[in-house]
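Whatever order the structure lists ligands and atoms in, that order sets their numbers, starting from 1.
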Amino acid sequence: MANTQKRALITGITGQDGMYLAELLHEKDYQVYGLIRGQHNPKRHILEQHFPWVELLEGDLSDMGSLIAALEVSQPDEVYNLGAISFVALSFKQPELTGNITGLGALRLLEAIRVVDGGKGKMRYYQASTSELYGKVRETPQNELTPFHPRSPYGVAKGYAHFMTVNYRESYGIHASCGILFNHESPRRGYEFVTRKVTSSVARIKLGLQKELVLGNIDSQRDWGFAGDYVEGMWRMLQQDEPDDYVLATGVTHPISELLDLSFAEVGITDWKPYVKQDPRFMRPAEVDLLLGDPSKAKTKLGWEPKVKFPELVKMMVANDLEIEGKKELGSANSGA
Ligand code: NAP
């Protein structure tokens with residue numbers, strides 16, 4: 001009997017979304033392949049330990065040959081391009097690298113699909129687009145028809161990848177969809193991002209390991225959801241008969257000061273002002289305006305809705321960081337004994 005098990009290739013499998021998506025696809029009985037870069041990737045052991053069912057393939061979004069090889073080996077039904085230089089602040093410091101990986105990387109992968117799939121239309125493609133495309137926003141809330149005005153090298157590179165995806169869909173008939181995702185967070189969020197910076201610092205302050213938390217603009221507002229909910233939306237996009245672009249968002253925004261209120265309250269601190277400093281070095285050269293998504297198309301067409309609300313998300317992240325920091329503290333106390 002023919003093997004009907006679906007196959008998926010994920011770039012960015014070592015990232016926050018890559019891990020949640022891998023779990024979701026595994027639950028759905030996919031054979032999951034993950035592109036992993038570098039000679040000695042520090043996250044490889046996490047994947048090997050916790051996701052032994054993922055087949056890791058060496059490759060890099062800057063290396064076309066490795067993308068072709070990964071597609072040839074995995075023969076995926078679905079390709080999820082989550083790999084990127086994804087941190088806005090870094091993109092200002094390394095704009096060329098960001099353009100190469102976040103922008104051109106998508107083109108290389110689309111071109112590799114065109115070559116390896118050879119017009120058979122077997123390989124569906126998901127592009128990780130972003131609310132940062134809206135930047136200097138033209139309307140609020142933002143939907144799939146709102147014009148883009150990115151305000152960072154990251155946003156500009158994502159704009160290139162977004163329109164290249166639309167172009168490959170229209171030019172070559174590839175089933176290629178873009179998810180314009182608003183911020184989504186989790187206990188797996190990188191420490192460089194503001195939510196995780198806050199929750200891990202709050203845990204460390206509570207445990208007496210850190211005295212203060214230095215942030216940029218605490219009045220910035222974001223539409224924050226839970227990453228586990230958002231990967232479900234990515235998968236749903238690729239199950240549609242026709243490819244299309246969708247906004248995934250909660251439709252509610254919160255200022256960073258509310259993130260501080262909720263996070264510090266979790267550890268019993270009601271007045272966080274003595275612990276928080278603002279430093280212009282953490283402000284962006286060009287700030288985005290109020291990002292607030294309208295996810296009604298995803299709700300109507302994909303039946304997708306975010307489940308986890310912001311207070312629950314913050315609770316989950318602080319609890320996780322208290323556990324991690326507590327273990328580190330115990331480890332260093334034991335090693336010092
Ligand atoms: P993330 O945690 O920062 O993960 C980024 C991934 O990209 C990592 O696995 C990283 O691998 C990989 N990567 C970096 N350079 C690469 C290269 N040269 N070749 C191949 N892979 C490379 O990001 P995330 O939060 O999971 O987000 C997933 C995607 O969605 C990203 O494209 C991001 O820009 C986009 N997005 C995220 C959000 C959000 O709020 N999280 C919102 C909108 C869009 P290493 O571990 O080896 O560095």
Side-chain angles (χ1 to χ4, degrees), residues 9-23 34-47 51 54 56-67 70 79-91 94 96-106 108-109 112 126-135 142 150 152-162 165 178-196 222-231 233-234 237 245-250 288 291 293 306 313 317:
L9 173 66
I10 303 174
T11 74
I13 189 129
T14 52
Q16 168 188 259
D17 292 7
M19 290 192 194
Y20 281 106
L21 181 63
E23 281 169 342
L35 193 82
I36 185 152
R37 70 178 174 133
Q39 242 173 267
H40 180 65
N41 192 309
K43 299 234 185 101
R44 177 184 274 273
H45 77 278
I46 299 179
L47 289 165
F51 305 78
V54 170
L56 293 174
L57 302 172
E58 275 87 18
D60 196 298
L61 284 164
S62 64
D63 180 357
M64 178 84 175
S66 70
L67 301 178
V79 179
Y80 293 87
N81 184 28
L82 310 184
I85 301 297
S86 67
F87 187 44
V88 170
L90 183 66
S91 81
Q94 300 189 12
E96 184 184 341
L97 177 72
T98 306
N100 191 18
I101 307 304
T102 307
L104 276 171
R108 290 189 192 99
L109 191 51
Y126 172 85
Q127 173 58 31
S129 291
T130 166
S131 55
E132 291 284 331
L133 289 166
Y134 298 119
Q142 297 92 42
S152 62
Y154 167 74
V156 173
K158 282 285 185 185
Y160 177 86
H162 180 96
T165 304
C178 300
I180 308 171
L181 271 51
F182 282 64
N183 287 61
H184 45 281
E185 319 296 313
S186 74
R188 289 178 177 151
R189 188 58 145 153
Y191 285 91
E192 64 276 33
F193 294 92
V194 69
T195 47
R196 189 71 192 276
R222 292 289 183 274
D223 178 333
W224 276 304
F226 170 54
D229 289 342
Y230 284 52
V231 297
M234 296 176 189
M237 286 177 214
D245 306 323
Y246 298 89
V247 163
L248 299 186
T250 67
V288 296
L291 296 179
L313 174 63
M317 291 179 70

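- Atoms CZ and CE, on Arg188 and Met317 in that order, are 12.5 Å from each other to the nearest 0.5 Å.
- Near Asn41, meaning under 4.0 Å from any of its heavy atoms, are these atoms of ligand 1: 47 (O).
- Contact analysis leaves Arg188 out of contact with ligand 1, as no non-hydrogen atom separation drops below 4.0 angstrom.
- At the shortest separation from atom 26 (O) of ligand 1 among protein heavy atoms lies Asp17 N, 2.8 Å.
- With respect to atom 4 (O) of ligand 1, the closest heavy atom belonging to the protein is Gly15 CA, 3.4 Å.
- Within the set Met234, Gln127, Lys158, the minimum heavy-atom distance to atom 32 (O) of ligand 1 is found for Lys158.
- For atom 31 (C) of ligand 1, the candidate residues are Leu82, Leu133, Leu181; the nearest heavy-atom contact is made by Leu82.
- In terms of polar-atom proximity, defined here as any N/O pair under 3.5 Å, Ile85 makes no such contact with ligand 1.
- The closest heavy-atom contact to atom 13 (N) of ligand 1, among the options Ala84, Gly34, Gly12, comes from Ala84.
- Note: an N/O pair closer than 3.5 Å links Tyr154 and ligand 1 by distance alone.
- The closest non-hydrogen atom to atom 42 (C) of ligand 1, taken over His184, Arg108, Met19, comes from His184.
- Judged purely by atom type and a 3.5 angstrom limit, Arg108 uses its side chain to pair as donor or acceptor with the backbone of Leu61.
- The nearest protein atom to atom 41 (N) of ligand 1, hydrogens excluded, is given as Arg189 NH1, 3.1 Å; this is a heavy-atom distance.
- Close approach of ligand 1 to Ile101 (heavy-atom distance below 4.0 Å) involves ligand atoms 15 (N), 16 (C), 17 (C), 18 (N).
- Atom CG of Leu291 sits about 6.0 Å away from atom CZ of Phe182, to the nearest 0.5 Å.
- Of the polar atoms of Arg37, at least one N or O is found under 3.5 Å from an N or O of ligand 1, judged by distance alone.
- With hydrogens and angles ignored, the 3.5 Å screen pairs a side-chain donor or acceptor of Thr102 with a backbone N or O of Ile85.
- Taking 4.0 Å as the cut-off, Thr11 does not count as a neighbour of ligand 1 on heavy-atom distance.
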Test Leu21 against Tyr126 for side chain to side chain contact (heavy atoms under 4.5 Å, CB included), laying out the working first. CA-CA 12 Å; Leu21 181 63; Tyr126 172 85; over 6 Å; no
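- The single protein non-hydrogen atom nearest to atom 8 (C) of ligand 1 is Thr14 OG1, 3.5 Å, given as residue, atom name and distance.
- Judged by the shortest distance from any of its heavy atoms, Ser129 lies inside the 4.0 Å radius around the atoms of ligand 1.
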Decide yes or no on side chain to side chain contact (heavy atoms under 4.5 Å, CB included) for Tyr20 and Leu82, but give the supporting numbers first. CA-CA 12 Å; Tyr20 281 106; Leu82 310 184; over 6 Å; no
Checking Thr195 against Arg222 for the side chain to side chain contact (heavy atoms under 4.5 Å, CB included) test, could you report, in this order, the C-alpha distance in whole Å, the side-chain angles of both residues, the deciding distance, and whether it holds? CA-CA 10 Å; Thr195 47; Arg222 292 289 183 274; over 6 Å; no
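- When hydrogens are left out, the protein atom nearest atom 30 (O) of ligand 1 is Ala128 CB, 3.4 Å; that is the closest non-hydrogen contact.
- Numbered from 1 in the order shown, with element, the atoms of ligand 1 that lie under 4.0 Å from a heavy atom of Thr130 read 43 (C), 44 (C).
- When only interatomic distances are considered, the shortest N/O to N/O separation between Ser131 and ligand 1 does not fall below 3.5 Å.
- Interatomic distance, Lys158 NZ to Thr165 OG1, rounded to the nearest 0.5 Å: 9.5 Å.
- Counting atoms of ligand 1 from 1 in the listed order, those under 4.0 Å from a heavy atom of Asn183 are 40 (O).
- Heavy-atom proximity to atom 12 (C) of ligand 1, evaluated over Gly18, Gly83, Ala161, Gly179, is greatest for Gly83.
- Without hydrogens or angle criteria, Arg196 side chain to Arg189 main chain gives a donor-acceptor distance under 3.5 Å.
- By the 30° and 60° cut-offs, the orientation of the rings of Tyr230 relative to His184 is parallel.
- If you check each of Leu47, Leu61, Ile46, Leu21 against atom 21 (N) of ligand 1, the one with the closest non-hydrogen atom is Leu61.
- Glu185 places no side-chain N or O within 3.5 Å of a backbone atom of Trp224 that could act as its donor or acceptor partner.
- Atoms CG and OG1, on Leu57 and Thr11 in that order, are 12.0 Å from each other to the nearest 0.5 Å.
- Looking at Ile36 against ligand 1, nothing comes within 4.0 Å, counting heavy atoms.
- In terms of N/O distances under 3.5 Å, ligand 1 is not approached by Ser62.
- Distance from atom 1 (P) of ligand 1 to its nearest protein heavy atom, with residue and atom name: Ser86 OG, 3.7 Å.
- Atom OH of Tyr154 sits about 8.0 Å away from atom CG of Leu133, to the nearest 0.5 Å.
- The single protein non-hydrogen atom nearest to atom 18 (N) of ligand 1 is Asp60 OD1, 2.8 Å, given as residue, atom name and distance.
- Minimum heavy-atom separation, Ala157 to Gly99: CB-CA, 4.1 Å.
- With rounding to the nearest 0.5 Å, the separation of CD in Gln94 from CZ in Phe87 is 12.0 Å.
- Remark: minimum distance from atom 2 (O) of ligand 1 to any protein heavy atom is reached at Gln16 N, 3.0 Å.
- By the ring-ring contact (aromatic ring centres under 6.0 Å, His included) test, Tyr160 is found to be paired with no residue, residues two or more places apart in sequence or in another chain being considered.
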